[in-house]
Amino acid sequence: MKKRAVTIVLCLALVLFSLLRTYAEAEVPAADPAEVQDAPQGIVAAGVNNFDLPCAAAILIDEDSGTVLYEKNADEQRPIASITKVMTLLLTFQALEAGKISLDDYVPVSTHAYSMGGSQIWLEPGEQMTLNDMLKAICVSSANDAAVAVAEYVGGSEPVFVQMMNDMAAQLGMTATHFENACGLDQEGHLSSARDVATMSREMLLNHTEVRDYCSVWTDTLRQGATQLVNTNKLLKSYTGITGLKTGTTSKAGVCISASAERDGLRLIAVVLGAASGKERFEAATTLLDYGFANYKNVTAELPSDAPQTLAVHRGTQDAVALQYDAPQKCLMPKDEADTLQVTVELPEMVEAPVTEGMQVGTVRLANGERELQTFSITAAQNVDALSFGYCFGLLVQSLVLCDG
């Protein structure tokens, strides 16, 4: 028994000395930084969009990726009329999600909300209406009085709510936007851009999908049928796949729309600002959406069947670390190139311990021939500590205890 114990101790000591010697040797070559670059790249729109639109500014984006497919004066600061209400709705849905308010809450009507002109549902001071009905009035009939009443309910006052709107705009990177009110009536300094409108529309549609249920309603009623609501977005009746989102018209802004639509898994957002008429607004939005659906599709981005699930770890307490692939399930592609999507996995032969969960260790590249479309990170799914003298000594002691037993 003693002879066996001595043999085990000698073997463990040999392993320990070997480990210490390896630390004096050259390190494992580090992975090429280009192979672990964590910066998803936008897809370059490859379609031909040599058409012009009867409006001052416009943009078309893919809702899922944010890729811009068409733009015209997209960064020009302009009034955006009632498209402003997209931000009002966004903050309201965020408050709902946080549990700060409820759809069944009764929203009071102030004299200030009552005083709003333009599109309205003729709220009276002191009247109360459920938040759910107020949202219908905002989304379907673009009611200014309802928008301000909700803003006061969520923020405490319209000025406080407007500050919340501007804070959210800054958070979303809407650099051309400044809000002065919650409903979009013309006011000095109340400006945005087609690109910023697309940004806030995308934020709404991606994270608060319930807005589609309100915006897709064609007609409804309030006050037990006494008040009729008819949607201002006529595309609901004329365009297949339309899902929203918001129209707007004032003397300074012209006729505007942020239109969202979905077909065959492709979701698009078309923004039109400063059209001369409702007809031109809807024609421009239709042209943009038709262009997007005709030229692009979402292609399934499948990882190679032999994509490694683990990566070897050098001098770690474990021999390998599990991997997490962050690549998307689909990728926006021009239709005529949809069959040429290439998905490549780039990983080093091994990674040096210690490894921390979430650490990027490799890259998934999506490409079309020589053109790189997007990159996504491959990360460690767990922690792996580095081997140390103390760790090895602990193993040695544990082995001796087992031998004695």
Side-chain angles (χ1 to χ4, degrees), residues 8 11-43 62 64-67 206-207 209 265 298-333 340-368 371-402:
I8 293 175
C11 290
L12 286 172
L14 181 61
V15 170
L16 183 58
F17 289 137
S18 176
L19 174 65
L20 292 172
R21 187 182 68 178
T22 61
Y23 274 99
E25 295 175 350
E27 297 291 330
V28 173
D32 185 344
E35 295 181 357
V36 292
Q37 186 179 8
D38 187 14
Q41 301 175 10
I43 300 171
D62 169 49
D64 290 297
S65 67
T67 303
L206 283 178
N207 297 308
T209 55
N298 271 318
V299 180
T300 301
E302 296 182 351
L303 290 171
S305 58
D306 59 350
Q309 298 303 305
T310 61
L311 178 64
V313 178
H314 186 234
R315 293 199 287 256
T317 56
Q318 299 181 45
D319 293 334
V321 62
L323 298 177
Q324 173 68 45
Y325 287 84
D326 298 328
Q329 295 182 343
K330 55 186 179 181
C331 178
L332 182 70
M333 294 279 289
T340 60
L341 178 65
Q342 302 164 340
V343 182
T344 306
V345 173
E346 297 180 355
L347 284 166
E349 291 185 4
M350 64 175 58
V351 64
E352 186 78 22
V355 178
T356 56
E357 183 179 355
M359 184 177 83
Q360 186 173 357
V361 295
T363 301
V364 176
R365 298 190 184 277
L366 276 56
N368 179 19
R371 182 163 58 94
E372 186 172 276
L373 305 178
Q374 288 177 290
T375 62
F376 297 89
S377 59
I378 306 171
T379 58
Q382 62 191 112
N383 295 326
V384 178
D385 294 330
L387 285 176
S388 64
F389 181 86
Y391 177 82
C392 294
F393 186 76
L395 288 180
L396 178 61
V397 172
Q398 183 180 15
S399 299
L400 289 173
V401 171
L402 290 175

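Since this is a predicted model, take the numbers as computed values, not measurements.
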Requested in this report: Could you tell me the separation between the NE2 atom of H314 and the CD atom of E349, rounded to the nearest 0.5 Å?
Outcome: 11.5 Å
Requested in this report: Provide the closest heavy-atom pair for V384 versus G316 in the form atom of the first, atom of the second, distance.
Outcome: CG1-CA, 4.2 Å
Query raised in the report: With a 4.5 Å heavy-atom cut-off, do V364 and D326 have their side chains touching?
Result: no
Query raised in the report: Under 4.5 Å between any side-chain heavy atoms of V355 and Q318, yes or no?
Result: no
Requested in this report: Quickly, which of V321, V351, T379 forms a side-chain contact (heavy atoms from CB on, under 4.5 Å) with M359? Name it, please.
Outcome: V351
Query raised in the report: Distance from D62 atom CG to L332 atom CG, nearest 0.5 Å?
Result: 4.5 Å
Requested in this report: Give the minimum heavy-atom separation between A307 and V345, together with the two atoms involved.
Outcome: CB-CG2, 4.2 Å
Query - Interatomic distance, Q374 atom CD to T67 atom OG1 [nearest 0.5 angstrom] - result: 6.0 Å
Requested in this report: Please check if atom CG in N207 has more than 12 non-hydrogen atoms from other residues, nucleotides or ligands closer than 6.0 Å.
Outcome: yes
Query raised in the report: Side chains of L341 and L373: closer than 4.5 Å at any heavy-atom pair?
Result: yes
**Report entry** Minimum heavy-atom distance V361-P348, with the two atoms named
**Finding:** O-CD, 3.1 Å
Requested in this report: Tell me, please, which residues at least two apart from N383 pass side-chain hydrogen bond (donor to acceptor under 3.5 Å, both in side chains).
Outcome: none
Report task. Rounded to the nearest 0.5 Å, what's the gap from CG on L323 to CD on Q382? Could you check? Result -> 9.0 Å
Query raised in the report: Can you name the side-chain hydrogen bond (donor to acceptor under 3.5 Å, both in side chains) partners of T356, sequence neighbours left out?
Result: none
Query raised in the report: So, does E302 use its side chain to make a donor-acceptor pair with the main chain of P304 at under 3.5 Å?
Result: no
Query raised in the report: Roughly how far, to the nearest 0.5 Å, is CG of L366 from CD of Q342?
Result: 10.0 Å
Query raised in the report: What heavy-atom pair brings P308 and L347 nearest, and what distance separates the two atoms?
Result: CG-CD1, 3.9 Å
Report summary line: With sequence neighbours left out, the residues meeting side-chain hydrogen bond (donor to acceptor under 3.5 Å, both in side chains) with D64 are R267, K330
Report summary line: Output for pair (Q309 CD, Y325 OH), nearest 0.5 Å, gives 5.5 Å
